[in-house]
Amino acid sequence: VTTSDPSRSDGRDRADYVVVGAGAAGIALACRLTEDPSSRVVLLEAGPAAPSSEAAARAVQNGNQPAVAPGLNWKLQAMIKGAPGASAGRQGSVFVYEGGKVVGGSSAVNATLALRGTPRDFADWSESCGDGWSWPAVLPYYRKLEDDPVGPHELHGRDGPMPIRRERRDELRPLHASFANACREAGYGETADHNDSATTGVGVYPKNVVDSVRISTRIAYLDAARGRPNLTIVPDALVDRIVWRSAYAAEGVEAEVGGERRQFLARRVAICAGALNTPPLLMRSGIGDPGELSLLGIEPRVALSGVGVGLMDHPVVGVWGVPTAEACSLGEPARQVLLRYTSARSSVENDMHLCMMGGLDVAALFPALAATSRASTVAGLLCTYNRSTSRGHVRAVSRDPRTKPAAVINCLNEPSDIPPLCDGVRLAWKMFKHPELTCKFDRLLAWTDSLVDSDAGLAQAVKAFVRPAAHLGCSARMGKSPEDGAVVDPHARIHGVDNVWVVDMSIAPALPTAPPHLTCLMVAEKIAAELRGMD
Ligand SMILES: Cc1cc2nc3c(=O)[nH]c(=O)nc-3n(C[C@H](O)[C@H](O)[C@H](O)COP(=O)(O)OP(=O)(O)OC[C@H]3O[C@@H](n4cnc5c(N)ncnc54)[C@H](O)[C@@H]3O)c2cc1C
């Protein structure tokens, strides 16, 4: 935390920017903005400056596994399916999002898979958001954020803050090496770079991990920027709402800091609180559907019916088993090998991802699975459909910023999302029959030959076992017109508001065909460049 704090000078000394949320996007944005020494930025974060216990610090450092530890995660709940009559308490219907509540945000706790969106994704984005979001327009920002030694210069950046690395073949653990062999023998080709969208097939995961350490945005961006006199970081600051200077212009935000209410004033406000927290913050500020706001006793200021609507996550179905003692050990890299392939009848390449996951601390990560398996570790194949179209929503249910929002993911609400996952499970099942994999499992859980063979049974089971991938986005969508449900314009500025931007995964019009972390950083890099260009 730096000592100069523009917000402390009784409101007269405004910062240029107040950035809400020191997560993936907020940190990247604040660090790029403060490269201009004349631009003063205050970065507010609800969580602590650093993990508050030894266990949490170890978890954040370990790039081999997602980090779940006391005091580190938001633990926001979402209904997996919004079926009428489903109640939040019903077992199996609720997913707990372990998003990071610490400087670094979810970038400090995530699974470190570093995959880009594809040219096809941005052909779609540019339809609703214009040419500024076409593949040629976004590629320079994917390049800018990364330091990736693989592939041609036109495709990959070499000197960006975020290191992207791939394990060597001789570093693959037995389960992952066997999965790669099974894919090759099933006829899939090999790729040396899953971030080259011209490729398909099986290859090693790109990850933002160096020497087993998770390189969050806190390490990649913030460590270099921390000493800048124009950057003030305020941890443990829970932002309640935007403070207004006139009907449609903000003058900053109000937050709870150490039991005190404080205002942080700035010329421009950037909301980067993540896909589940940004919409409730907008609602508490009077931005949203007027009827919903009135029900909460909030005076409507800017009518935008799209706030919180359209929330997306990638649906995943796991085929799990209990591995033999030799197959994998607790704590080893959870994922090393990924198969990208195109589902039957799809016009979108590489819409399916199949990966082996092993060495998990199931009790911490998947308590329900730990209870069913009665094993200390499990491993399995995860089938992820990356072009799902089902959408849900997230809303504030109170004016109190401490009240958790209500979220519904609606996995597989669209019937067309089901067949690719059914085929994915059949492919996973076939992989398990490969002799190298069969001998690495003591037993498989839940799935049987007859279930996988039956069309109706398989579809039912997929609907029952599906869960979200923790790849949230699209809850404050970008688009040209608020009439189409857009919340921000193609420059990420809130429609109808003068000086407030939303810069996080909320604004994605649709999820990329990949986990979203790199895309979120690309968005932050692009908007940072636009904002710097405005001065
Ligand atoms: C367990 C897990 C595993 C994941 N694995 C992967 C992966 O392997 N690969 C991948 O690409 N993506 C992965 N993701 C998703 C990826 O981490 C996110 O897409 C990305 O971090 C989103 O960035 P963001 O800036 O939108 O939100 P975040 O990174 O979550 O940042 C939001 C920040 O805002 C803060 N905040 C929220 N509300 C307030 C408030 N009111 N006041 C002040 N601060 C506030 C939060 O504490 C947080 O620090 C994973 C996510 C999770 C949770």
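Both counts, for ligands and for their atoms, begin at 1 and track the order of listing.
Under a 4.0 Å N-O distance rule, the pair Asp351/Arg340 does not qualify as a salt bridge. A salt bridge between Glu167 and Lys207 is present, with a side-chain N of the basic residue lying under 4.0 Å from a carboxylate O of the acidic one.
Annotation: atom 34 (O) of ligand 1 to nearest protein heavy atom, Gly21 CA, 3.3 Å. The protein heavy-atom contact nearest to atom 9 (N) of ligand 1 is Leu113 O, 2.9 Å. Annotation: atom 41 (N) of ligand 1 to nearest protein heavy atom, Val239 O, 3.0 Å.
Checked by atom type, the side-chain pair Asp504/Ser506 shows a donor-acceptor distance below 3.5 Å.
For the ligand labelled ligand 1, residue Ala22 lies inside the 4.0 Å heavy-atom shell.
Of the inter-residue distances, the one linking Leu72 atom CG with Ser53 atom OG reads 8.0 Å to the nearest 0.5 angstrom.
Proximity to Asn277 (heavy-atom distance under 4.0 Å) selects the following atoms of ligand 1: 37 (C), 38 (N).
Residue-to-ligand polar distances keep Pro66 apart from ligand 1: every N/O pair is separated by 3.5 Å or more. Looking at ligand 1, you'll find an N or O of Ala24 within less than 3.5 Å of one of its N or O atoms. The shortest N or O to N or O distance between Trp74 and ligand 1 is under 3.5 Å. For ligand 1, the polar-atom distance check finds no N/O of Lys101 at less than 3.5 Å from any of the ligand's N/O atoms.
If you look at Val102 next to ligand 1, the close heavy atoms, those under 4.0 Å, all belong to the backbone.
Side-chain contact between Arg395 and Glu292 is present, with heavy atoms from C-beta onward closer than 4.5 Å. Residues Arg335 and Leu382 meet the side-chain proximity criterion, which asks for heavy atoms closer than 4.5 Å.
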### Query
Hey, mind stepping through Thr199 and Thr191 against side chain to side chain donor-acceptor pair (under 3.5 Å) and telling me if it holds?
CA-CA 6 Å; Thr199 72; Thr191 175; 3.0 Å; yes

